[in-house]
Amino acid sequence: MKIYHIPAPTPPCANTFLLIGANGKAAAIDPGANAAEYLRLLEEHGARLTHILLTHGHYDHVGAAAALREKTGAQVWLNPQDTAGDRLFPFTAPDHAYTNGETILVDSDLSFRVIATPGHSEGSVCLLCKDLLFTGDTLFAGDIGRTDLAGGDMGAMRQSLAKLCAAVTGDVRVLPGHEDFSTMEYEKQHNPYLQG
């Protein structure tokens, strides 16, 4: 498996990712950058995009999803709670919704376990891939996503963070939707929102 970090070039500068499996099947996570960036990497590696996995539906995480689906035929995963069709939640037509605890198989060495984490938005999820945890805007390095936007709920966020701490153990790298990367162990010990 190969992983590429593709930061979106314009504020709020979301972290986006492309993962390519051993047999050339690929998944894009929160593709908010220009579609051409993902297509260039796919062509460079002779890979085929089959999955577009959106941790939530905010505009800065879904910007290239429609174009990538049109160019590649990849299927889009997004929970229906995050498909309002407004400026905040512009993407309205996912191919699949997530089920908490399900495993999404992309390639022989590339799969994701879904952890439903409402709080930043109603449809937020985190995606665990081996020792990588893609947290979208649920968990940041030293912080959490805001809960004051439409669909946000601090009570739900607290429950989601507790669930995440219980579900994710061991040496797992946290790859959030914005800013710096971290590890789950570090966040459990130092992030004030994960204490108690």
Side-chain angles (χ1 to χ4, degrees), residues 1 3-8 10-19 27-33 53-63 77-84 88-89 97-104 110-196:
M1 178 184 78
I3 178 170
Y4 299 93
H5 174 218
I6 307 170
T10 56
C13 300
N15 291 322
T16 83
F17 304 91
L18 181 69
L19 290 85
I29 297 180
D30 288 351
L53 306 176
L54 306 176
T55 62
H56 63 293
H58 286 163
Y59 67 95
D60 51 326
H61 294 258
V62 307
W77 271 255
L78 176 65
N79 278 331
Q81 301 95 316
D82 283 13
T83 59
L88 187 59
F89 296 105
Y98 294 107
T99 300
N100 182 52
E102 77 173 313
T103 296
I104 299 172
L110 180 54
S111 64
F112 299 85
R113 180 162 60 94
V114 176
I115 305 168
T117 54
H120 177 64
S121 71
E122 289 184 76
S124 287
V125 301
C126 292
L127 301 166
L128 183 62
C129 177
K130 297 182 178 177
D131 61 351
L132 304 174
L133 180 66
F134 299 92
T135 58
D137 288 3
T138 295
L139 177 65
F140 297 138
D143 205 351
I144 60 171
R146 56 190 293 186
T147 59
D148 60 333
L149 300 172
D153 183 319
M154 191 60 195
M157 177 67 91
R158 287 190 190 97
Q159 292 178 4
S160 292
L161 294 171
K163 178 167 68 172
L164 201 57
C165 285
V168 181
T169 59
D171 186 20
V172 174
R173 193 166 186 208
V174 173
L175 305 178
H178 298 276
E179 300 182 356
D180 297 333
F181 301 163
S182 185
T183 68
M184 198 63 188
E185 282 306 310
Y186 185 89
E187 294 308 308
K188 286 179 182 180
Q189 293 175 26
H190 301 282
N191 190 317
Y193 293 98
L194 302 189
Q195 307 307 305

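Since the model is a prediction, treat every value here as computed from it, not as a measurement.
The main-chain N or O of D82 is never found under 3.5 Å from a side-chain atom of N79 such that the two would form a donor-acceptor pair. Within the 3.5 Å criterion, the main-chain N or O of I6 finds a donor-acceptor partner in the side chain of T16. A distance-only check finds a donor-acceptor pair linking the side chain of K188 to the backbone of C165 [under 3.5 Å]. At distances below 3.5 Å, not a single donor-acceptor pair connects side-chain atoms of D137 with backbone N or O atoms of G145. Side chain of E187 to main chain of G142: a donor-acceptor pair is present (N/O by atom type, distance under 3.5 Å, no hydrogens or angles). The backbone N or O of A116 lies less than 3.5 Å from a partner atom in the side chain of N100, making a donor-acceptor pair. Side-chain atoms of Q159 never come within 3.5 Å of backbone atoms of P118 as a donor-acceptor pair (strictly under, hydrogens ignored).
No hydrogens or angles considered: a donor-acceptor pair under 3.5 Å links the side chains of S121 and S124. Between the side chains of D30 and T55, at least one donor N or O lies within less than 3.5 Å of an accepting N or O. Side chain to side chain, T138 and T117 meet the donor-acceptor criterion of an N or O pair below 3.5 Å.
Counting non-hydrogen atoms of neighbouring residues, nucleotides and ligands closer than 6.0 angstrom, the OH atom of Y4 exceeds 12 such neighbours. Heavy atoms of other residues, nucleotides or ligands lying less than 6.0 angstrom from CD of E179 number 12 at most.
The structure places CG of L175 at 9.5 Å from SG of C129, a figure rounded to the nearest 0.5 Å. With rounding to the nearest 0.5 angstrom, the OG1 atom of T183 is 9.5 Å from the CZ atom of R173. The line from CD1 of I29 to CZ of F112 is 4.0 Å long, rounded to the nearest 0.5 Å. Rounded to the nearest 0.5 angstrom, Y193 OH and L161 CG are separated by 10.0 Å.
Note on ring orientation: taking the six-membered ring where Trp is involved, the planes of F17 and F181 are tilted (angle from 30° to 60°). Ring-plane geometry between H61 and H56 is classed as tilted, the angle between the planes lying from 30 to 60 degrees on a 0 to 90 degree scale. Ring geometry for H178 versus F140: interplanar angle over 60°, hence perpendicular rather than tilted (30 to 60°).
Every residue two or more places apart in sequence or in another chain that forms a side chain to side chain contact (heavy atoms under 4.5 Å, CB included) with R146 is listed here: H120, D148, L149.
Across P176 and D180, no two heavy atoms sit closer than the pair CG-O, 3.1 Å. Residues T147 and G119 come closest through the heavy atom pair CG2-O, 3.6 Å. Closest approach of L139 and D143 over heavy atoms only: CD1-O, 3.6 Å.
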(request) List the steps and the verdict of side-chain contact (heavy atoms from CB on, under 4.5 Å) for V114 and I104. (result) CA-CA 8 Å; V114 176; I104 299 172; 3.8 Å; yes
(message) I'd like to know whether E185 forms a side-chain contact (heavy atoms from CB on, under 4.5 Å) with D171, so could you lay out the CA-CA distance, the side-chain angles of the two residues, the decisive distance to 0.1 Å, and finally the verdict.
(response) CA-CA 7 Å; E185 282 306 310; D171 186 20; 6.0 Å; no
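For Y59 and F89, the ring centers sit 6.0 Å or farther from each other.
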